[in-house]
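The structure appears below as structure tokens.
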Amino acid sequence: MSASSFYRAKLVERVNFTDDLGMFRFRPEGEFTFKAGQYATLGLEDGGKLIQRPYSIVSSPRENFLEFFIELVPQGELTPKLWELKVSDHVLVRNRIVGAFTRDEKAGMVRHIMAATVTGIAPYVSMIRTQRMDVARGEVAEHQFAVVQGASRSSEFGIYKSELEEIARDGWLHYVTTVSRPWEDPDWKGEAGRVEDVFRKYADNLGFDYSNSVGYACGHPQMIENIKSILARARFPKLQIKEEKYFTIS
Ligand SMILES: Cc1cc2nc3c(=O)[nH]c(=O)nc-3n(C[C@H](O)[C@H](O)[C@H](O)COP(=O)(O)OP(=O)(O)OC[C@H]3O[C@@H](n4cnc5c(N)ncnc54)[C@H](O)[C@@H]3O)c2cc1C
């Protein structure tokens with residue numbers, strides 16, 4: 001991969017939610033276009049070698065920065081180096097942004113039921129920020145979203161929980177959070193259990209079904225397999241199921 005396929009991008013803001021989860025906002029030194037839900041490739045040079053990994057973009061294509069929600073993998077190659085970055089440091093961003101995990105256009109549905117583990121919320125935030133901008137410009141909120149996000153503890157939702165709860169007041173987004181270790185979170189009043197445990201309940205209660213919706217799952221590979229089975233049992237055809245796996249379990 002030649003360095004000319006990459007732009008430099010400056011870290012302009014960083015917020016640590018926990019020791020191993022954070023928001024990174026970059027301003028690339030070049031033009032980029034993408035669709036909400038796609039991923040960028042971030043890279044850092046290390047001893048003449050380029051280490052690069054894909055990251056779903058949190059920001060809307062209409063924003064003039066690229067925002068990411070990243071988890072530190074202590075034994076990983078890239079994320080420990082990303083964790084050393086300070087504001088004004090630079091990374092490389094591949095100039096082509098790609099990915100098929102965008103809001104459905106094939107099935108033609110306007111209802112979207114989405115499952116995420118922690119950082120898997122990233123592509124949904126991009127889609128939701130984009131619709132919110134459309135609505136603010138006077139467009140009708142044609143698409144309805146239901147998003148269920150799971151984490152071990154509530155601190156892992158970071159700044160996105162309050163952002164999505166605020167947008168949910170507009171009426172076209174249902175946002176549900178669930179923690180799988182409620183005993184470590186004594187003040188937590190929301191749902192308890194894994195995403196899979198609460199997903200079907202909200203799909204049924206909110207009327208997101210195979211006749212009107214597309215189902216999405218993003219993040220941890222085991223959650224994705226479980227959600228795909230739940231959707232298949234709820235009669236969702238393959239065309240109405242989308243997935244974005246962040247890693248594989250070996
Ligand atoms: C399309 C796509 C979008 C992605 N978007 C995001 C995103 O928005 N935010 C984000 O944090 N990551 C995202 N990832 C994962 C990211 O690309 C890296 O794999 C991750 O950051 C680890 O990189 P690393 O170089 O530090 O570890 P690696 O050196 O790549 O991995 C070391 C080992 O850890 C395992 N591993 C990787 N990630 C995890 C994890 N989260 N939990 C447990 N084990 C893991 C790997 O399978 C490998 O065995 C995405 C992946 C894909 C394919």
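Whatever order the structure lists ligands and atoms in, that order sets their numbers, starting from 1.
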Look only at interatomic distance and state if Tyr55 has a nitrogen or oxygen under 3.5 Å from any nitrogen or oxygen of ligand 1.
yes
Report yes or no: does Glu156 contribute a side-chain atom to a donor-acceptor pair with the main-chain N or O of Ser152 at less than 3.5 Å?
yes
Side chain, backbone, both or neither: Phe247 near ligand 1, heavy atoms under 4.0 Å
side chain
Among all protein heavy atoms, pick out the one at the shortest distance from atom 9 (N) of ligand 1; state its residue, atom name and that distance to 0.1 Å.
Phe69 O, 2.9 Å
Determine the sole option in Phe69, Phe24, Phe157 for which the ring pair (Phe, Tyr, Trp, His ring centres under 6.0 Å) test with Phe17 is passed.
Phe69
Which atoms from ligand 1 have a heavy atom of Gln75 less than 4.0 Å away?
33 (C), 34 (O)
Using a 6.0 Å distance limit plus a 45 degree cone around the ring axis, check whether Arg25 lies over the aromatic ring of Phe65.
yes
Using a 4.0 Å heavy-atom cut-off, which part of Lys245 comes near ligand 1: side chain, backbone, both, or neither?
backbone
Under 4.0 Å from any heavy atom of Thr248, which atoms of ligand 1 are there?
47 (O)
When you measure from atom 26 (O) of ligand 1 to the protein, is at least one non-hydrogen atom found at a distance under 4.0 Å?
yes
When you measure from atom 49 (O) of ligand 1 to every protein heavy atom, which one gives the shortest distance, and what is it?
Ser250 OG, 4.8 Å
Less than 6.0 angstrom from the centroid, inside 45 degrees of the normal: does Arg181 satisfy that with respect to the ring of Trp188?
no
If we ignore hydrogens and angles and just use 3.5 Å, is the side chain of Asp89 paired with the main-chain N or O of Lys86 as donor and acceptor?
yes
Can you confirm whether something in the protein, heavy atoms only, sits under 4.0 Å from atom 1 (C) of ligand 1?
yes
Report the C-alpha separation of Asp185 and Ser154 in whole Å, then their side-chain angles, then the decisive distance to 0.1 Å, and conclude whether the side chain to side chain donor-acceptor pair (under 3.5 Å) test is met.
CA-CA 7 Å; Asp185 221 330; Ser154 57; 3.0 Å; yes
Between Lys245 and Glu243, does any NZ, NE, NH1 or NH2 come within less than 4.0 Å of an OD or OE carboxylate oxygen?
yes
Checking a contact table here: which protein heavy atom is nearest atom 15 (C) of ligand 1, and how many Å away?
Tyr246 O, 3.4 Å
Number the atoms of ligand 1 from 1 as they appear, then name those within less than 4.0 Å of a heavy atom of Ile70, with their elements.
11 (O)
Residue and atom name of the nearest protein heavy atom (relative to atom 16 (C) of ligand 1), distance in Å to one decimal
Pro54 O, 3.4 Å
The protein heavy atom nearest to atom 22 (C) of ligand 1 is Val73 CG2, 3.8 Å
Residues, nucleotides or ligands: over 12 heavy atoms within 6.0 Å of Glu31 CD
no
In the protein, which heavy atom is nearest to atom 30 (O) of ligand 1, and how far is it?
Arg53 NE, 2.8 Å
For Leu50, does its backbone N or O pair with a side-chain atom of Asp46 as donor and acceptor, under 3.5 Å?
no
If the cut-off is 4.0 Å to any non-hydrogen atom of Tyr39, which atoms of ligand 1 fall inside it?
1 (C)
Check: Tyr202/Glu191 side-chain N/O donor and acceptor closer than 3.5 Å
yes
Closest non-hydrogen protein atom to atom 29 (O) of ligand 1, residue and atom name please, with distance?
Glu77 N, 3.0 Å
In terms of side-chain heavy atoms, does Tyr55 have a donor or acceptor partner in Thr119 at a distance below 3.5 Å?
no
As a quick check of understanding, evaluate side chain to side chain donor-acceptor pair (under 3.5 Å) for Glu29 and His90, giving each step before the final call.
CA-CA 10 Å; Glu29 295 174 356; His90 287 80; 3.2 Å; yes
For the 3.5 Å polar cut-off, considering only N or O atoms, please tell me whether Leu78 and ligand 1 meet it.
yes
Ligand 1 atoms nearer than 4.0 angstrom to some heavy atom of Gly76 are 24 (P), 26 (O), 27 (O), 28 (P), 29 (O), 32 (C)
Please confirm whether Thr79 comes within less than 3.5 Å of ligand 1 when only nitrogen or oxygen atoms on both sides are compared.
yes
May I ask you to decide if the ring planes of His143 and Phe145 are parallel, tilted or perpendicular, using 30° and 60° as cut-offs?
tilted
Verify the contact flag for atom 51 (C) of ligand 1, where contact means a protein heavy atom under 4.0 Å away.
yes
among protein heavy atoms, the one nearest atom 5 (N) of ligand 1 is Ser56 N, 3.1 Å
